[in-house]
Structure formats: structure tokens, C-alpha cells
Amino acid sequence: MLQLVVGSNNPGKIREIRQMLAAWDMKVVSYSEAGGAGDLPEEGQTFEENAAAKAVEAARRTGLLALADDSGLCVEALGGRPGVLSALYGGAQADDATRCRLLLEELRAAATTNRLAEFVCVLALATPEGLVACWAGRVVGVIADEPRGAGGFGYDPIFLYLPAGRTLAEMPPQEKNAVSHRGRAVRRLPEVLSRHGFTP
Ligand code: ITT
């Protein structure tokens with residue numbers, strides 16, 4: 001059976017990727033389960049550079065086929081920030097709730113009516129020999145006035161998905177996965193695998 005390591009230390013991402021790949025005939029293991037330790041490199045300027053670096057390093061360190069996810073929230077009125085730096089917004093010590101609150105405050109201070117935002121997820125696939133593929137998934141929404149909902153992780157409570165009239169944190173996991181940036185990217189994985197000769 002095809003074995004795939006998820007090169008991430010973010011429990012929210014790992015949970016969602018596992019849920020989405022559960023229907024496929026492959027063994028999905030987390031980076032720590034595969035014996036991977038320590039942070040994966042994230043020094044790039046783009047989602048693509050970071051996803052590729054994390055996948056290549058996770059594959060090299062574990063000796064397995066690896067999938068990595070670099071993602072973030074891009075707010076139009078903030079020039080696309082926090083973007084690639086979403087995990088660091090508010091400083092390394094800030095938790096998800098603090099990051100959401102700081103972002104709402106920054107948007108309020110910007111005194112704009114433009115609350116458009118986009119979640120981006122770039123996935124990269126690598127073997128211990130190097131990068132195989134890199135591709136993206138996106139979802140458009142608006143920043144809510146207040147955090148709402150307890151599901152998901154990260155910025156989900158402030159990301160309003162307009163067709164549902166709810167934030168991603170108010171949507172059950174299957175509903176979030178059906179429309180999310182990560183869901184859109186993960187659903188392309190089987191096709192990417194088979195295009196490169198890996199049979200899921
Ligand atoms: P790994 O690099 O170990 O995978 P990370 O948390 O550092 O974990 P990123 O650098 O890709 O990962 O940062 C992505 C951040 O963007 C993440 O910490 C969240 O704050 C946010 N984010 C990404 N996907 C999200 C989602 O589906 N819902 C809410 N927030 C999300």
C-alpha cells in the first residue's frame with residue numbers, strides 16, 4: 001500500500017488532510033509518527049517555496065513519499081497580509097484566538113469597507129530524491145466582524161464563506177473540507193500521484 005507522510009507539525013492541517021484521504025487506499029502517517037523531528041524549513045518568500053522546501057526535507061528525513069502544506073490568509077485591504085507569514089502574525093507566542101483578534105483590530109484601524117480575503121493552500125509532493133509536484137487550492141470569503149464558531153483552526157472563526165453565510169469555524173469538518181483551499185488542493189492529490197506513476 002502506498003505510504004505518505006504529511007510533512008507538517010500543525011495538528012489542524014494533519015487532521016483535515018487525514019480526513020480527506022481516508023477514502024483512498026493509502027497509509028497516511030504524520031511527520032512525527034514517521035520519526036520526523038524538529039521544525040521543517042520555512043524561510044521562503046512564497047507559499048510554493050515553503051511547501052516545496054518542507055516536502056523535500058520531510059521526505060529526505062523520513063525516507064518516505066511526503067506531502068507538505070504551506071498555507072495562509074491573504075486580506076486584500078492589507079495588501080495580501082498576513083499571507084505567507086500567517087503562522088507568525090502577532091508574534092511567535094500568539095495563539096489562534098489572539099491572531100484573529102489582532103487581525104480584526106488591524107482591519108478596523110484601516111477603516112476600510114473592503115473585507116475581501118482569500119485562503120491559499122499550496123501542496124507539494126516529494127520523494128527522498130527531490131520535488132515531484134507543487135499545486136494550489138484557494139477559497140474566497142470576507143473577514144467577519146467578530147469571531148464565530150468553534151470548529152476548524154487558525155483564522156477559521158473570522159473567515160466568512162459567503163455561499164454558506166457562516167464562518168469556516170461554524171461549518172462541520174466535511175462542509176469546510178468540501179469548499180476550503182485545502183480541500184480543493186487535496187482532492188487533486190490522487191490525480192497528481194497517478195500522473196507521476198504512484199498508484200493510490
Ligand atoms: P507546518 O509548517 O508545520 O505545516 P504551520 O502552522 O507553521 O505548520 P504554515 O506556515 O503553512 O503552517 O502557516 C499556516 C497558517 O495559516 C496556520 O498556522 C493558520 O494560522 C493559517 N491557516 C492555514 N490554513 C488554515 C485553515 O484551513 N483555517 C484557518 N487558518 C488556516
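In listed order, ligands and their atoms are each counted from 1. Values below: all heavy atoms of this structure, side chains included; hydrogens, waters and symmetry mates excluded.
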[X] and [Y] ion-paired at < 4.0 Å:
X      : Y      : result
Glu175 : Arg166 : yes
Asp69  : Lys54  : no
Glu129 : Arg60  : no

Atom indices of ligand 1, in the order listed, that fall short of 4.0 Å to a heavy atom of [X]:
X      : value
Lys54  : 1 (P), 2 (O), 4 (O), 11 (O)
Gly72  : 16 (O)
Asp70  : 9 (P), 10 (O), 11 (O)
His181 : 24 (N), 25 (C), 26 (C), 27 (O)
Lys176 : 26 (C), 27 (O), 28 (N)

Should Ser8 be counted as touching ligand 1, given the test is an N or O pair under 3.5 Å?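 N/O-N/O distance under 3.5 Å: yes.
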Practice task
Give yes if a backbone or side-chain nitrogen or oxygen of Asn9 is under 3.5 Å from a nitrogen or oxygen of ligand 1, and no if not.
Solution key: yes
Between Val84 and Gly44, the two heavy atoms sitting closest are CG1-O, 4.3 Å
Mind checking whether Gln19 and Ile17 have side chains closer than 4.5 Å, heavy atoms only?
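Heavy-atom side-chain distance check fails, nothing below 4.5 Å.
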Review point. Which of the listed options, Asn10, Asp96, Val120, holds the heavy atom that is closest to atom 8 (O) of ligand 1?
Key: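 Residue with the shortest heavy-atom distance to the ligand atom: Asn10.
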